[in-house]
Amino acid sequence: MAKKASDYQDKARGMLAGLAIGDALGAPYEFGYKSKDIVELGDKISHFHAQTKNFKLPKGAWTDDTSMALCIADSLLEKGGYDSYDMMDKFTKWFLYGYRSSVDHSVGIGQQTSLSLLMYGRHKTIPKDTRKTNRAGNGPIMRLAPIVIASTKKDGGKPQSVDHLIHLAQLSCRETHDSYIAIAATTVFAGALDYALHYGFVDEHILRYVPNLYPEDRNEYVERLLESTQRSNDRSGESLKDHGGYIVDALTIALWGIRNHNNFKDGMLAVIRLGGDTDTNAACYGQLAGALYGYEAIPEEWRDGVHLSNELVDIADRLLNMDECPIIRTRFEDDSHFMAL
Ligand SMILES: [Mg+2]
């Protein structure tokens, strides 16, 4: 049982634990289930279950979403800031050797992430003229909580600007998904998490972060993103059912879960019932709902039953206690903190 937290600390804990809980609750339905099949399971989905269809995971165990988030958390804590190379080394260690996995090997790596890790093995730095990809899987936002907790403006610590938080979020996206639409979606999600943490609600304001951060010739990506997230207002969720792993869908579904439900549990179950990439959709919703409602508002069965339950709380506390989260070095030649190896 974790010690009593301040409101702010409670929300940071909620953000990280919410990620892992969503991942573990959604994982059993990621493959082989349509939305209608999950709806037919009724209340069964409100408990942890083993994932037997594909990964053979024990109940409460989570997948790539949480493993990669913990790689980020470990790197930020060990290095005292953001270090591209160390983060990519940890991702690689997870993928190859199961570092920070809930079982003894890595589980559930996405296509784009595996391609990026392969490329990293060959060329550690990203040259200035590298073309951005059009692929935009949901990887960057499923693992975002540690970046936001470490770099958000906090009580006592050195004040940090939202621009700094957004810069870190965008870098963490680019490590595996160097695509304009993925960067735009990650920017919005980082803004939403920060907004939920500080102000206790999420609204259209979060979208204001995006246009300022893009050159005008990239406006098509922002437009596409803004248009797509309008689907979060569709209460029935009909237009969001059974989608694959597109980042804009995961972002929209997380917003939908928040906008159409008023507590952590109901939103979580509704998101899983939409089907599609259930673990990642639920991990994204879990971060946002955790930041909004806090750790104590998550059902006890979920808080205690998720793999590494106490350690997740401890990691969130340690990230929040970082006075600042500077950028130590990046591997992107077009970034101001680029450092060649
Ligand atoms: Mg997963």
Side-chain angles (χ1 to χ4, degrees), residues 15-33 35 38 45 48-73 90-117 135-147 172-173 175-177 182 185-186 189 242-254 257 268-269 271-290 302 305-308 312:
M15 202 193 298
L16 188 61
L19 187 168
I21 287 166
D23 187 359
L25 284 169
Y29 315 107
E30 186 183 1
F31 301 102
Y33 289 87
S35 173
I38 304 172
I45 65 164
F48 289 116
H49 294 282
Q51 210 281 32
T52 50
K53 280 221 167 187
N54 212 290
F55 296 143
K56 314 273 184 289
L57 298 177
K59 69 177 187 175
W62 25 255
T63 69
D64 56 328
D65 313 49
T66 311
S67 293
M68 294 190 84
L70 294 184
C71 286
I72 293 176
K90 284 189 165 52
F91 287 162
T92 305
K93 212 162 100 180
W94 159 70
F95 179 48
L96 295 179
Y97 308 113
Y99 171 77
R100 280 303 194 186
S101 181
S102 60
V103 287
D104 64 1
H105 55 278
S106 62
V107 170
I109 192 166
Q111 265 184 4
Q112 205 170 341
T113 299
S114 79
L115 192 65
S116 300
L117 295 184
R135 297 159 64 103
N138 51 24
I141 60 169
M142 72 185 188
R143 61 186 190 218
L144 198 55
I147 294 281
S172 76
C173 169
E175 302 293 0
T176 53
H177 295 61
T186 304
F189 197 56
D242 298 316
H243 284 297
Y246 183 41
I247 193 166
V248 178
D249 290 338
L251 169 69
T252 306
I253 287 170
M268 177 63 81
L269 298 179
V271 162
I272 293 171
R273 286 189 191 106
L274 291 177
D277 196 351
T278 45
D279 64 329
T280 296
N281 292 340
C284 293
Y285 167 81
Q287 292 175 75
L288 195 53
W302 294 354
V306 70
H307 182 64
L308 293 192
L312 295 170

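Indexing begins at 1, ligand by ligand and atom by atom, following the structure's order.
- In this model, a donor atom of one side chain and an acceptor atom of the other lie less than 3.5 Å apart for Asp65 and Thr280.
- A 4.5 Å side-chain heavy-atom check between Leu16 and Thr66 finds every atom pair outside the cut-off.
- In summary, of the residues considered (Thr278, Leu25, Ile272), a side chain to side chain contact (heavy atoms under 4.5 Å, CB included) with Ile45 occurs for Ile272 alone.
- Using a cut-off of 2.8 Å, one finds that Asp279 contributes an N/O/S atom close to the Mg ion (ligand 1).
- No other N/O/S atom of Asp65 lies as close to the Mg ion (ligand 1) as OD1 does.
- When rounded to 10 degrees, the angle formed at the Mg ion (ligand 1) by OD1 (Asp64) and OG1 (Thr63) equals 80°.
- Residue side and main chain included, Glu30 places no N/O/S atom under 2.8 Å of the Mg ion (ligand 1).
- Within the model, atoms CE of Met68 and CD of Glu175 stand 9.5 Å from one another, a figure rounded to the nearest 0.5 Å.
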